[in-house]
Every structure is written in C-alpha cells, then in structure tokens.
Amino acid sequence: MMAEPLIELRDVSKRFVKTLDLAEKIVNFAGGNLREEVVHAVDKVNLHVDEGEVVGLVGESGCGKSTLGRVIAGIHAVSGGAVYYRGKDVTGLSPEKAKEWGLDVQMIFQDPMSSLNPRMRVRDIIGEAPVVHGIVDAGEMDNYVDDMLLRVGLDPLFKRRYPHQFSGGQRQRIGIARALAVRPGFLVCDEAIAALDVSIQAQVINLFSDLRQDLNLTYLFISHDLGVVEHLSDRVVIMYLGRVVESAPTEALFDEPNHPYTIALLAEVPRIENRGRKFMPIKGEIPSPIDPPSGCHFHPRCPHATERCALEQPILREVAPARYSACHLNDEA
Amino acid sequence: MEGEIPTLAVEGLKTFFFTKLGVAQAVNGVSFTVRKGEVVGLVGESGSGKSVTGFSLIGLVDPPGRVVEGKILFRGEDLAQADEDRMRSLRGRRIAMIFQDPMMTLNPVLRIDTQMIEAVRAHEKISEGDARIRARDALVQVGIPSPDERLKAYPHQFSGGMRQRVAIATALLHKPDLIIADEPTTALDVTIQGQILHEVQKLCRETGMSLIWITHDLSVVAGLADRICVMYAGKIVEKGKISDVLDSPLHPYTNGLIGSVPSHNRRGQPLAQIPGMTPSLLNLPQGCAFHPRCPRAGASCLVEPDITEPAKSDHQVRCVNPHLETS
Ligand SMILES: Nc1ncnc2c1ncn2[C@@H]1O[C@H](COP(=O)(O)OP(=O)(O)OP(=O)(O)O)[C@@H](O)[C@H]1O
Ligand SMILES: Nc1ncnc2c1ncn2[C@@H]1O[C@H](COP(=O)(O)OP(=O)(O)OP(=O)(O)O)[C@@H](O)[C@H]1O
Ligand code: SF4
Ligand code: SF4
Ligand SMILES: [Mg+2]
Ligand SMILES: [Mg+2]
C-alpha cells in the first residue's frame, strides 16, 4: 500500500510576540530599554502524517507540541511555511474552505471538563455540530448521538445528562464522541489522557486503539508520557525547543535512539519493569524558547557537544531508512 | 537491623471527615511501617486517601476532618496523642512534608535566603551566618547550580522543577528522619522528575532518611521504593516488598492497576481495564469495597476481608480470594 501523506508541514514556524504591557511601556518612556519578546514556539518544522498512521509527538514542557498540534488542527495560523492537507496547500484558505478542512481535523484536549460546555446536555454537545454542518438531518440527530455514544462505550441513556454528572474517563469519552461526530479523518490528541486516573487511562487508551481499527482514523498523539506514546504510535517524533530533532518508527526509536536528547529522554522514563534503579538525570534546566542556545539547541546539556555544536545548527536528515535525526555526530560515521 | 525501632509505625489509623452529607471515612484502619533509610511508596487512585494519610501523620488534618483512632508511632512516640506544641516542634525538624505544588512550602514575596534562614532558626539557636551556610548546603544537595546567587532570588525567578527542588532543600534543612512527599513530581517533566528522584534516592541511601512517596504512578514507585502500600477506598489492600507486589500481585485491584500500565513488553496489545468507578466514600459497598468492580468477587466478599499473608512473609493482602496461582 502506498501511503499518501494526509498532512504535511513544510518549514512551518509559529512565533508569538509578547508585546509590552502598559507598565512596561511607561518604564520605556522613562528611559527604560524593554523590548518585545519573540517566542519561537515552532521553528521550521517538517513533518508528515500518512493516512491511517498514528504519530506520537514527544518533548519537554514548552517545546512547542501543543502549538504544533494547533497549527495542524487549523486553530493557529502559521508565521511561516506551508501546511498541505491531502496534497492541497491549506495555508491561506478562505474562512469557508478552512471550516471544511477544520471539520476533517479534530482536536481533543487535555482537560475534558474545560472543553465541554457545562450548560449543555450531552445530546447537544455531540449532536449540534453534525446537524449544523448538514452531516445528519435534525430528525436523525438522536439516533446519530446514540451511535456515537455506543461507539465510545457509553450508554445512550446518558445523553440527557450534563458533563458534571460524569467521571473523568466518561467526560473524556464524551469529548472523543463529539470530535468523532463530525466524521473527521484526522484526530490531534493533545495530552488527552494526562489528567485521568491510572485505571481510567487504560480505558481511554484502548478506546483510541479500537477507533483506529474501526474507522481507519489517523492520529497525531501528543504526550509527554513516553510509555503511552510507545504503546499507541507507529512512529514517534521528538521535539526540542521548537525543532524536530528525531523521527523514527516506534520500535526503532525505543530500541536504538539516535539523537543524544532522545537517548537521555528514554533513559529517564520510569518503567514498571525497572526496580531499584539508579536515576541518571539529564543535566541542566530546560532552556527558554525566548533566548534559545545557539547552534544545536541541546548543546548546553549534551554530553557529546563539540565546538561545532554551538556554532552550527544540525539539519534533520535521513540517517537510516525511514529514520531522521538532527545531530552533527551523524556526519562522522 | 532486627529489633531496631522503625522510624514510623502506623497502627489502625482512622481519619474521618464529618460533613453535612455524612461521615467520609477517608482513612479507615491503615497500618504500615517505615524503617530507617527506607522508601515506601503509597499508591492508589484519586480519592483513595493517600494525601489524608500523609496529612494525618504530621497533624495537619483540618476540620471537619479528625484522626479518630489509631497510633502513629514516630520513633516510638505516639503522635496521635501529641499536643500541637509537640507537633510544631517536630514538623519541619524531624518530619517534613513536600507537596505537589511547591508554592505550598514557599512564600512568593520573600527571597529564598530569607525563607530558608528563617526555617533553620525556627528550630535551632544558631547565628544567621551559620544558618545561611546550612541553606546553601541544602541547595547544593538538591543539585541547584550557583547556590549563592540563587539564594538571593525570589521563587518566581525559578522554573517549576527548580522551585520544587528548593522546596525539597527546605524540607532537608534539619536533616529530618522522615519525609512525606505527596506527588511532588507529578506536574514536572520526565527529565526534571528524573533529577529529583535521583537526589532523594541518594539522600535516603546516604543519610538513612526515611521517605514516604505518595503517587498514582506505579512506574515511578517501581524504580524508587523499597516497599509499597496500595490503597483503595481508605484502606491498604496490599503491601510488601516492591518486587513481591509488582511481580506477584495478590489483590485483584493491584493486579488490575499493573495491567493498566502500558509496558514495553506488551506494545500495541489492549491494556487491562478495571471496570466501573471509584466508589463514593459516603456510600461504600458493603464488605470488600472493591467487590462491584472485582472479577473474582463471590458471596464471601460481602463480609469485610481480614489481612492475611497467604504467599510470603511480609507480603500482606486484604482479600478472601487473592491471586495465588500467579505467585
Ligand atoms: N498564545 C501564546 N502566546 C504566547 N506564547 C505562547 C502561546 N502559546 C504558547 N506559547 C509559548 O510557546 C512555547 C511552546 O508552548 P506549547 O504550549 O506549544 O508547549 P508544549 O510543548 O505543548 O508544552 P506542555 O508540555 O507544557 O504542554 C512556550 O514557550 C509557550 O510559553
Ligand atoms: N475537607 C474534606 N472534607 C470532606 N472530605 C474530604 C476532605 N478532604 C478530603 N476528603 C475526602 O477524603 C478522601 C481521600 O482524599 P485524599 O485527598 O486523601 O485522596 P488522594 O488519594 O490523595 O487522591 P488524589 O490522588 O486525587 O490526590 C476523598 O474522597 C476526599 O473526598
Ligand atoms: S549536534 Fe552536538 S550538541 Fe547537538 S545533539 Fe548532536 S552532539 Fe549534541
Ligand atoms: S475480597 Fe472479594 S471482591 Fe474483594 S478483592 Fe478479594 S475477591 Fe475481589
Ligand atoms: Mg502542551
Ligand atoms: Mg492526594
């Protein structure tokens, strides 16, 4: 099967400018020298997700995972680069066209409570958008909602209830049912299980696996839980400070990580199989994306850093079939 | 180490909340011991009573909650009977607690040195200069670079992980015998979590400090703890050496929890699920509180099960039909 990229990002950047507030402007007026800060949340990222594929996106807090997810879901406009959906450039679409594309890509958020309207019944939370967008007739809505609830393992009788009447795992299922109701091809799941209790996490992880089989869904699965990512993904993409540093099929990445950051990150993962282990932490703090280190962003924390690493940015390139890494060490081989 | 008095021996602890809707039996007959230099993991799902157990140990349960029964033997002294003066002199000095949110320990408007020096001198008559040296040493111990400059900073000038390390350093100032850590790394990144786990593990090994690590993450406890207690609905349902409990769980709840953690060896296979929901403490099922969710439940489970040691010594379970076939 020749897999088509469902979504493809070419050199996508997203910058946020933190403008000066009034107090800071006054300081400047009085002779201060405060400047606007620019956060390079996503810095020239190339990424593709094939139809039917599950890609895990991993990295430390603040490295730009959510921002990248929002760009892909069409919630953020890009600051540079282009986004292709099913081969079509969707970067500067008209609002109507963007809406169509937006329905095909749905996002599921970390906190199921804050993303569900507390004053709406489950029936309307799930059924409203499909009716508005003409996916089902208003008369068919109830049956449709029942189908969606069954699909995520909830009793259709629940549809008359409000979100607060559910457990965390059930609410996350409602969020998933709502996303599925507009018949998306692609789901961006941003820390979709992080807030759930262990025993409930398993329910939702299994649901994601089942839905993938049944509906041939494509996922971008954002998480900082490497155990969960390993369990669900076909391929894993590692980000560090706005850039992709490694991308590889899951098994290869976990068995033989290439990039020094990936190696260090994997060594940190707490695993239930490991007893009385010695924790050997990565040195140093997570640097700021406002003022990232020069060259390879990882060089101040990297045990293999050389002079070149501080001067020159390593390019993400194929180091073995289907394996990409951005590290100067690969040049020596 | 036979015969040595344990750092902590909790016996039949009950802490209830007397609310308008009824009595919530948040901690309902909990017993466990922590030996010198030992790390004990306390795990269980949300609402199972982990934090309330921790707060009970240091006398910080607020009304409408109250320790209603049981002994808290800290190096032989029963803290359940101690008055507030005694508790205050122990808290921070011999027993310290670290919270999920480091700002529960740190004061946002005071410089780190001010807070730490104050914390040292609250319990010891030493000069400000000596207290500063002690504070500085504690920061070094938790791996904070350039401690002299860092002492002059305010909490908001630190990253989350650094703030948590300062909170831990503050807990270490008096070299306490026991630290109770309530999910201190849950909000942190894996890499920062790794740094903190590394530091606390080293401290226990090197100084003989004892540690209770409260978490819902079995994977963290697996690497860190010597022994583990699994809580469900206010009771410890299983406890023992970490390898005994995780390799041969006896209680169906423990077994379910372990099955629900994604593991390297079972990539892509469906995870075991524990059906149903955590019960409300105001309306607990009769007998074994786990029975509505338990795949092994039978008629005998409607009577409260006793604690038994059916497999190995020092591996205890509260279940009439434990998983003996796997062990
Ligand atoms: N709307 C915004 N305005 C300004 N800065 C932003 C905005 N959204 C994100 N950022 C900044 O962009 C960077 C990347 O943030 P992002 O939320 O994408 O990180 P993340 O990888 O999802 O982190 P986490 O694991 O903590 O969720 C951060 O430095 C963040 O502060
Ligand atoms: N002030 C209070 N009033 C009434 N009930 C309370 C109070 N504080 C705690 N409880 C109850 O005690 C039980 C145990 O709570 P506790 O905070 O110990 O749970 P936990 O195991 O730490 O959970 P989590 O993992 O969510 O932190 C809960 O059911 C909670 O509702
Ligand atoms: S490029 Fe240099 S600093 Fe960056 S990861 Fe490779 S060796 Fe380390
Ligand atoms: S006592 Fe019965 S219901 Fe409770 S855990 Fe054991 S088998 Fe299950
Ligand atoms: Mg995020
Ligand atoms: Mg708690």
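Here is how names work: the chains are called A, B, and so on, in the same order as the sequence lines, proteins then strands, and each is numbered from 1.
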Shortest non-hydrogen separation from B:P262 to A:I205 and the atoms involved: CG-CD1, 4.1 Å
Within 6.0 angstrom of A:Q165 CD, more than 12 heavy atoms from elsewhere: yes
Check: A:N206 side chain, B:L271 main-chain N or O, donor-acceptor pair, under 3.5 Å: yes
Heavy-atom contact with chain B under 4.5 Å, split by part of A:S61: both
Smallest separation among heavy atoms of B:Q269 and A:H231, with atom names: O-CE1, 2.8 Å
Smallest separation among heavy atoms of A:A202 and B:A272, with atom names: CB-O, 3.4 Å
Contact class of A:T250 relative to chain B, heavy atoms under 4.5 angstrom: side chain
Separation of B:E45 CD from A:Q201 CD (nearest 0.5 Å): 12.0 Å
Segment of B:L257 engaging chain A (4.5 angstrom heavy-atom cut-off): side chain
More than 12 heavy atoms of other groups within 6.0 Å of A:E256 CD: no
Under 4.5 Å from any heavy atom of chain B - which part of A:Q203: both
